Amino acid sequence: MKKMLLMLALLLSPLLASAMNLLPAESDLYFISIKNNSVAETHHFERFSGSLAADGKAVIRVDLASVVTRVDVRDQRMREMLFEVAEFPAAQFSAQIDMAQVKSLAAGDSRRMTLKGELDLHGQKGNLEFDVLVVKRSDGALSVSTVRPAFIQADKYKLLTGVGKLRAAVGLKSIDKVVPVSFYVVFK
């Protein structure tokens, strides 16, 4: 029995060794809001996690309650009025990565790739595409960063009511309904 378990462990070890986790301390996730057609502000999330499986399935899960806008009352309003975190506490992006391309990278090499995936946000699912640069670090980790931002449309994820509530709460003429998103994440 011990021999069988050892053999199974040896067979599975290359697969398990290929699985990677997102390192939050080395990663960033940003979005930009534009109000009154002229004021742009950068925001981010403090808590998110993710994994990259040996088969190339990548998942990033964002704790929407961790939104940081640098204005406490706005953070609270975004959590309650826009994201409605009591009902929808997280967003999740899932994509399939071509691991043959990733594994062919030597330390220090990079490759541009397109991540076509699905965003699950506010109870709605939709396709989302990111153009990214994947870099294999000397420590074996992968850094993945957006080459250009992707755009999330508020109406596609039933966020228009929340956008309207935010606009009304502070008396703004407008808040754009399309939000650019960019990131830098490290998997190890």
Side-chain angles (χ1 to χ4, degrees), residues 19-35 40-53 55-97 102 113-135 141-167 169 175-188:
M20 302 176 134
N21 290 312
L22 185 142
L23 302 178
E26 295 184 41
S27 303
D28 294 298
L29 174 59
Y30 289 95
F31 67 99
I32 297 171
S33 65
I34 300 172
K35 60 186 180 186
E41 297 172 313
T42 302
H43 316 295
H44 70 278
F45 293 95
E46 286 189 318
R47 293 184 304 273
F48 51 98
S49 60
S51 61
L52 176 57
D55 66 358
K57 178 154 175 113
V59 176
I60 296 176
R61 185 175 170 83
V62 180
D63 177 354
L64 297 174
S66 73
V67 66
V68 175
T69 67
R70 295 183 191 91
V71 177
D72 291 343
V73 69
R74 183 170 50 202
D75 293 350
Q76 180 180 346
R77 287 176 178 152
M78 288 185 93
R79 286 190 290 267
E80 293 172 4
M81 296 177 183
L82 179 65
F83 296 128
E84 299 179 302
V85 297
E87 186 175 352
F88 306 105
Q92 182 169 295
F93 178 70
S94 303
Q96 188 65 39
I97 295 176
V102 172
M113 300 175 78
T114 299
L115 298 182
K116 295 180 181 183
E118 180 181 75
L119 177 64
D120 185 341
L121 172 63
H122 205 251
Q124 305 301 306
K125 293 181 180 181
N127 295 328
L128 189 61
E129 192 171 293
F130 288 99
D131 290 326
V132 299
L133 182 68
V134 178
V135 178
L142 296 175
S143 68
V144 182
S145 58
T146 48
V147 174
R148 62 178 150 248
F151 295 93
I152 296 178
Q153 299 172 336
D155 60 337
K156 188 174 184 177
Y157 297 95
K158 295 192 177 182
L159 294 168
L160 287 181
T161 300
V163 170
K165 288 178 183 178
L166 289 174
R167 186 191 53 73
I175 297 176
D176 279 11
K177 297 169 184 80
V178 178
V179 177
V181 175
S182 61
F183 62 82
Y184 173 82
V185 295
V186 176
F187 290 96
K188 187 168 181 182

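Quick caveat, the model's predicted, so the values are computed rather than measured.
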Under the ring-ring contact (aromatic ring centres under 6.0 Å, His included) test, which residues partner Y184, sequence neighbours left out? none
Report yes or no: does S143 contribute a side-chain atom to a donor-acceptor pair with the main-chain N or O of V186 at less than 3.5 Å? no
Taking all heavy atoms of V147 and all of L133, pick out the closest pair and write down the distance. CG2-N, 3.7 Å
Which heavy atom of F183 sits nearest a heavy atom of L29, and at what distance? CB-CD1, 3.9 Å
Parallel under 30°, tilted from 30 to 60°, perpendicular over 60°: which one fits the rings of F83 and F31? perpendicular
Straight-line distance of L160 CG to Q153 CD, nearest 0.5 Å: 10.0 Å
Scanning both residues in full, the closest heavy-atom pair of D28 with V185 reads O-CG1, 4.5 Å
Roughly how far, to the nearest 0.5 Å, is the CD1 atom of I175 from the CG atom of L166? 5.0 Å
Can you list the steps and then say if F93 with F130 is a ring pair (Phe, Tyr, Trp, His ring centres under 6.0 Å)? CA-CA 11 Å; F93 178 70; F130 288 99; 5.2 Å; yes
For a quick test of reading the model, state the closest non-hydrogen atom pair linking L119 to I152 and the distance between them. CD2-CD1, 3.7 Å
Excluding sequence neighbours, so at least two apart, what forms ring-ring contact (aromatic ring centres under 6.0 Å, His included) with F187? none
Over all heavy atoms of both residues, which pair between M20 and A141 is shortest? Give the atoms and the distance, please. CE-CA, 4.3 Å
Qualifying residues under side-chain hydrogen bond (donor to acceptor under 3.5 Å, both in side chains), relative to Q76, sequence neighbours excluded: E80
Do any pairs count as a salt bridge (charged side-chain N to carboxylate O under 4.0 Å, His left out) and have a residue in residues 115-129, sequence neighbours left out, and if so which ones? none
Side-chain atoms of residues 55-70: list all donor-acceptor pairs with protein atoms under 3.5 Å, sequence neighbours left out, distances to 0.1 Å.
residue: D55; atom: OD1; partner: K57; partner atom: N; Å: 3.0
residue: D63; atom: OD1; partner: A65; partner atom: N; Å: 3.0
residue: D63; atom: OD2; partner: R47; partner atom: NE; Å: 2.8
residue: D63; atom: OD2; partner: R47; partner atom: NH2; Å: 3.0
residue: S66; atom: OG; partner: E46; partner atom: N; Å: 3.3
residue: S66; atom: OG; partner: R47; partner atom: N; Å: 3.0
residue: S66; atom: OG; partner: R47; partner atom: O; Å: 3.4
residue: S66; atom: OG; partner: D63; partner atom: O; Å: 2.7
residue: T69; atom: OG1; partner: V71; partner atom: N; Å: 3.3
residue: T69; atom: OG1; partner: V71; partner atom: O; Å: 3.2
residue: T69; atom: OG1; partner: R74; partner atom: NE; Å: 3.1
residue: T69; atom: OG1; partner: D75; partner atom: OD1; Å: 2.5
residue: R70; atom: NH1; partner: T42; partner atom: O; Å: 3.2

Parallel, tilted or perpendicular for H44 and Y30, by the 30°/60° rule? tilted
Residue that, paired with L115, satisfies side chain to side chain contact (heavy atoms under 4.5 Å, CB included) out of I97, V134, L128, T146: I97
Is the closest side-chain donor-acceptor distance between N21 and S51 under 3.5 Å? no
Just grab all the side chain to side chain donor-acceptor pair (under 3.5 Å) pairs involving residues 156-167, residues at least two apart or on different chains. none
CG-NZ distance between L23 and K188, expressed to the nearest 0.5 angstrom: 7.5 Å
